There are 2 protein chains.
Amino acid sequence: MSQGEGGLRERKKLQTRAALTDAALRLALEKGPDSVTAEEIAEAADVSVRTFFNYFPHKEYAILGRNPAHLESALERIATAPAEQSPLTTMWLIVRDVLHDLMAEGELSRRGELIMGSPSLLYHLMLSSMDDERQLSAALTERIGDPLRARLIVSAAGTACRVAVELHKDGPDSAPADLVDAAFQLLAQGLDPDYQKGSS
Amino acid sequence: MSQGEGGLRERKKLQTRAALTDAALRLALEKGPDSVTAEEIAEAADVSVRTFFNYFPHKEYAILGRNPAHLESALERIATAPAEQSPLTTMWLIVRDVLHDLMAEGELSRRGELIMGSPSLLYHLMLSSMDDERQLSAALTERIGDPLRARLIVSAAGTACRVAVELHKDGPDSAPADLVDAAFQLLAQGLDPDYQKGSS
DNA sequence: GCAGATTCTTGCAGTCACTGCAAACTATTA
DNA sequence: TAATAGTTTGCAGTGACTGCAAGAATCTGC
């Protein structure tokens, strides 16, 4: 019979993955994300470079250390949201919780700054976000029917987060969470009440 | 006295750049964007590989062959838009014209499909778009004052385009231009009239 | 039209990311 | 414990990209 989750093999894999993401984040913070080499990360985690690339398709994925649980729980929540809850509200609740988790781990500041400061990290984050978006959009379309609106809501939610973090970085007057709130408000109520009134 | 724009040197540089982007696009279409090598592109344009990398920071930039004029004209238009024109309308007019130009060049289909089909191209495009976004947001903030709203409008406009193209790719029932129109409508009027009414 | 300053191109050597393959190793299962 | 299936590793190779210094072109003032 298969041991599935509990087996030694499974545990070792998790350990190795954790060791790699930890080492990757630590080294990236120490030396700057673009000057860490895959070799250093592998060495710090005490595995071969080849093994490192068995775990991650790109060096950047290790530094991003994305938590696959986030996407899964988001999909779950979209599917099981109460009928009376409007779709953007669902997205907002999801975003709020993810944000909350990240803050709790103290990661938003450290990792967030790291990511925003490095084009290659940003690029890979967006790469994986766009993949997520596709899945989230599909789930939301399932609920509300309108594919365009579903896709826009999901993408706009992502945009709201990004804009909030960028804005917070530019002038840290307000907390990211407040900025995200405000952004969602704007998206919900409309970005422009006078749209096309002024077009020739 | 400097010859500036008209000199032979300047003309040759433009020629070389054009030869490189042309070769890059042609080869990418022929063999798929991920299997073209920098060496092939350089050879087709009859320059050394080293020279290729003097012109473009990444292989992908040559394939994208972005037109810097588009950004400049957009910035210009934001700055000089009539006072009675609402900001999202301005963005919509800009997007519509860029789209129109691309269609006219017959590039939207060829290059657009190429880009959408290749993760690495897509992300290089987004990376450069994010740079544009920053500049466009700054210009729009200048006009309307509210940085959050300006940033959201610019980012959302970009999102609208991307979503429209993706959706068009999924099921080409409707023209990209119509999808963009619909997306802007939704963004203008609000993605979700019932926002937060259903939150516990 | 020419010498000298400026700018481009090029080859070369080197670093690093990433891949496929096959051998060695280790957990799992019967 | 023996067979099996999954994991790790070294190795060799491809390709992106960079810095450097030499050579070739263009441009400038005269």
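All chains are named by letter (A, B, ...) in the order of the sequence lines, taking the proteins before the strands, and each is independently numbered beginning at 1. From a predicted model like this one, the values you see are computed outputs, not experimental measurements. Side-chain atoms are counted along with the backbone in the values below, which use heavy atoms only and exclude waters and symmetry mates.
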*CD of A/E10 versus P of D/dA5: gap in Å, rounded?*
18 Å
*Please report, rounded to the nearest Å, how far the C1' atom of D/dC27 is from the NZ atom of B/K13.*
14 Å
_B/K12 (side chain) donor-acceptor with B/G7 (main chain) under 3.5 angstrom_ = no
*Nearest nucleotide by nearest heavy atom, which residue falls closer to the 5' end of DNA chain D, B/V36 or A/T16?*
A/T16
*With the side chain counted from C-beta on, respond yes when B/P87 and B/R149 share a heavy-atom pair under 4.5 Å apart, and no when they do not.*
yes
*Between D/dA16, C/dT10, C/dT19, which nucleotide has the shortest distance from any of its atoms to the side chain of B/F53?*
D/dA16
*Report the distance from atom CD of B/E43 to atom P of D/dG15, rounded to the nearest whole Å.*
13 Å
_Distance (rounded to the nearest 0.5 Å) between B/E40 CD and B/T37 OG1_ = 3.5 Å
_Integer-rounded Å distance: D/dT7 P and A/Q15 CD_ = 15 Å
*Measure from CG on A/N54 to C1' on D/dG10 and round the result to the nearest Å.*
12 Å
_Pairwise 5' ranking along DNA chain D for B/V49 and A/F52, keeping only the more 5' one_ = A/F52
*Ignoring the backbone of B/T37, work out which of D/dC20, D/dA16, D/dT26 is nearest its side chain.*
D/dA16
*Side chains of B/Q85 and B/L93: does their closest heavy-atom pair fall under 4.5 Å?*
yes
_From C/dG20, D/dT26, D/dG6, nucleotide with atom closest to B/R9 side chain_ = D/dT26
*What's the closest nucleotide to the A/K59 side chain, out of C/dT9, C/dC18, D/dT7?*
C/dC18
*Across the strands shown, which category fits A/Y55 at heavy-atom distances under 4.0 angstrom: base, sugar-phosphate, nothing?*
sugar-phosphate
*Would you call the rings of A/Y195 and B/F184 parallel, tilted or perpendicular, where under 30° means parallel and over 60° means perpendicular?*
parallel
*Closest to the B/S48 side chain, choosing from C/dT10, D/dC11, D/dC17*: C/dT10
*Between D/dG6 atom P and A/L8 atom CG, what is the distance in whole Å?*
16 Å
*asked:* Whole angstroms only, please: what is the OH-P distance between A/Y61 and C/dC18?
replied: 11 Å
*Between C/dA17 atom P and A/L121 atom CG, what is the distance in whole Å?*
13 Å
*Would one find a side-chain N or O of A/H58 under 4.0 angstrom from OP1 or OP2 of C/dC18?*
yes
*Residue mapping more 5' on DNA chain C - nearest nucleotide basis, A/E39 or A/R50*: A/E39
*Ignoring backbone atoms, test whether A/K12 places a side-chain nitrogen or oxygen under 4.0 Å from the OP1 or OP2 oxygen of C/dT26.*
no
